[in-house]
**Q** 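Let me begin by handing over the structure; questions about it come next.
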Amino acid sequence: MCLAIPMRIKSISGEFAEVEAGGLIRRANIQMLPRAKAGDYIIVHAGFAIEKLDPGKAKETLRLVDEIR
């Protein structure tokens, strides 16, 4: 089973972004989201940003993930 989680973009360099969620920092390919910018919340799956999220929905999802940790 794969799980995609919302992550916040910290910085962008070319087609890659440094993204963060719950203290975990990863590098994600943002080629499919050409209008993504620092501060946006995105869904990252298998290293690729696949969708931009409403910040409220993203924060609520991250809160729920924290509850089950």
Side-chain angles (χ1 to χ4, degrees):
M1 180 171 106
C2 296
L3 178 65
I5 62 168
M7 301 188 88
R8 188 176 63 82
I9 297 175
K10 294 177 59 107
S11 63
I12 295 175
S13 178
E15 295 178 346
F16 291 90
E18 182 180 72
V19 295
E20 185 272 336
L24 181 70
I25 297 174
R26 291 287 187 256
R27 186 173 181 228
N29 186 306
I30 58 169
Q31 190 174 16
M32 291 190 282
L33 301 175
R35 289 184 278 179
K37 59 185 183 307
D40 285 348
Y41 283 89
I42 58 175
I43 291 286
V44 177
H45 180 73
F48 289 87
I50 58 175
E51 183 178 352
K52 188 174 168 182
L53 290 177
D54 169 79
K57 280 185 169 182
K59 290 175 184 172
E60 177 63 13
T61 301
L62 290 170
R63 186 188 65 76
L64 293 171
V65 170
D66 275 347
E67 279 187 13
I68 58 174
R69 275 205 250 175

**Q** Name all residues meeting the side-chain contact (heavy atoms from CB on, under 4.5 Å) criterion together with R63; count only those two or more places apart in sequence or in a different chain, and write none if there are none.
**A** E60, E67
**Q** Identify the heavy atoms of I12 and A36 that sit nearest to each other, and give their distance.
**A** CD1-O, 3.4 Å
**Q** Taking all atoms of both residues into account, what is the closest heavy-atom pair of K10 and A38, and its distance?
**A** O-CB, 3.9 Å
**Q** Among I5, I50, V19, which one satisfies side chain to side chain contact (heavy atoms under 4.5 Å, CB included) with I42?
**A** V19
**Q** Got a second to check how far L53's CG is from M7's CE, nearest 0.5 Å?
**A** 12.0 Å
**Q** Does F48, at its CZ atom, have more than 12 non-hydrogen atoms belonging to other residues, nucleotides or ligands within less than 6.0 Å?
**A** no
**Q** To the closest 0.5 Å, what do you measure between OG1 (T61) and OH (Y41)?
**A** 11.0 Å
**Q** What about I43 and L62, same hydrophobic cluster or not, with Ile/Leu/Val/Met/Phe/Trp/Tyr joined at side-chain heavy-atom distances under 4.5 Å?
**A** yes
**Q** In this structure, which one of I30, I9, D40 forms a side chain to side chain contact (heavy atoms under 4.5 Å, CB included) with K52?
**A** D40
**Q** Ignoring hydrogens and angles, tell me if any N or O in the side chain of E20 forms a donor-acceptor pair with the backbone of G22 under 3.5 Å.
**A** yes
